[in-house]
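First up is the structure itself, then whatever we jot down about it.
In this chain, residues are counted from 1 in sequence order. Remember, it's 1-based here, ligands and their atoms both numbered in the order they're listed.
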Amino acid sequence: IPIELAVSRLVLEDKTLYTLVIHDLTERTKINRMKDEFISTVSHELRTPLTSIKGTLGLVTGGILGEVSEKIENVLKIAYQNSERLESLINELLDINKIHSTDLSLSLELIDLNDLVNKSISANQGFADKYEVLFQWQYLPDNRIIVKGDEMRLNQVLSNLFSNAIKYSPQKASVIVALEKINDKVRVSITDQGPGIPLEFQSRVFDKFTQADSSDTRRVGGTGLGLAITKTIVEKHNGKIGFVSKPGKGATFYFELNICKDFD
Ligand code: ADP
């Protein structure tokens, strides 16, 4: 039976009293499992029709079904972009379910991190342009930094951290990506000039479904899932993730991975 124990001590003059409370967590565990199954089923069910919608829109905007007027094409492009956004939200929901389970398995290979970061910056350049943010990249002088990692998952980590830095930046500000070697580790850090992380929110930044501003009027969209997933992926790689931020003065998010000794 899953249980939770709580011990409290009460000192009364010459006596000390102890109380032990045992919570039976069977019901809570069952409800959590049902919740996970529900999220998983709904996400899978949503994905199938969405893939079809995206495919159909792609056929029209790709010109395969013949010419359409510019007006219609523009409207369909917006619909296509939003179906992509919906797809990534559904993927995040599916990922979040894997956080506490053993499902998030990695397919490990040797990866040149310098190369991976470089490619991920190019892939996110369009997003930076949209927000009019200057994306800057500081190379390490020695080019190859080999780590053992899952390329798809590390790309997800980079994209999540890049897109946060970009979407919280003011226009024309810089986002600086740097790689640095610290003993047998490599640190990737992403620095922005956005609002930073409010002090009262700092301890919860990596919790799932949490956002500093969850009001309907907030400027940027999101689910509050990205950093929770990012942290899980980094820790599955035996890495470390953190941030430093003075509210009002931007934020630096970083993660560290072990460098593969044979290639150092
Ligand atoms: P979201 O989908 O809301 O971006 P995340 O898990 O990626 O979810 O981030 C959680 C919250 O942490 C965000 O809603 C935001 O309040 C805060 N946050 C994350 N990155 C930054 C950043 N670079 N600058 C300011 N706030 C940030």
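With atom 1 (P) of ligand 1 as the reference point, the heavy atom nearest to it among G226, G224, G196 is part of G224.
Atoms of ligand 1 lying under 4.0 Å from at least one heavy atom of I197, given by number and element, are 18 (N), 21 (C), 25 (C), 26 (N), 27 (C). Less than 4.0 angstrom separates some heavy atom of L227 from each of these atoms of ligand 1: 5 (P), 6 (O), 7 (O), 9 (O), 19 (C).
Polar contact with ligand 1: present for A212 (N/O pair, distance under 3.5 Å). Residue A228 has no nitrogen or oxygen atom sitting less than 3.5 Å from a nitrogen or oxygen atom of ligand 1, judged on distance alone. Looking at A251 next to ligand 1, no N or O pair under 3.5 Å apart turns up.
Not a single heavy atom of F206 sits less than 4.0 Å from an atom of ligand 1. Distances from ligand 1 to the non-hydrogen atoms of L225 include at least one value under 4.0 Å. No heavy atom of G194 sits closer than 4.0 Å to any atom of ligand 1. Assignment of F201 to the shell around ligand 1 is supported, since a heavy atom sits closer than 4.0 Å. Residue contact check for ligand 1: E92 places no non-hydrogen atom closer than 4.0 Å to it.
When each of T230, D95, T232 is checked for a side chain to side chain donor-acceptor pair (under 3.5 Å) with R153, only D95 meets the rule.
With sequence neighbours left out, the side-chain contact (heavy atoms from CB on, under 4.5 Å) criterion links L134 to Q136, S174.
Proximity of T230 to ligand 1, defined as any heavy-atom pair under 4.0 Å, is not found for any part of the residue.
By the 30° and 60° cut-offs, the orientation of the rings of F206 relative to F243 is tilted.
Taking the side chain as every heavy atom from C-beta outward, N91 and R47 approach each other to under 4.5 Å. For the pair K54 and E87, the minimum side-chain heavy-atom distance is below 4.5 Å.
Taking OG1 from T26 and CD1 from I31, the interatomic distance works out to 11.0 Å, rounded to the nearest 0.5 Å.
Evaluation of the side chain to side chain donor-acceptor pair (under 3.5 Å) test over residues 68-78, restricted to residues two or more places apart or in two chains, returns E73-K77.
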Q | Evaluation steps, salt bridge (charged side-chain N to carboxylate O under 4.0 Å, His left out), between E256 and R187 | A | CA-CA 4 Å; E256 288 174 9; R187 176 186 282 210; 2.7 Å; yes

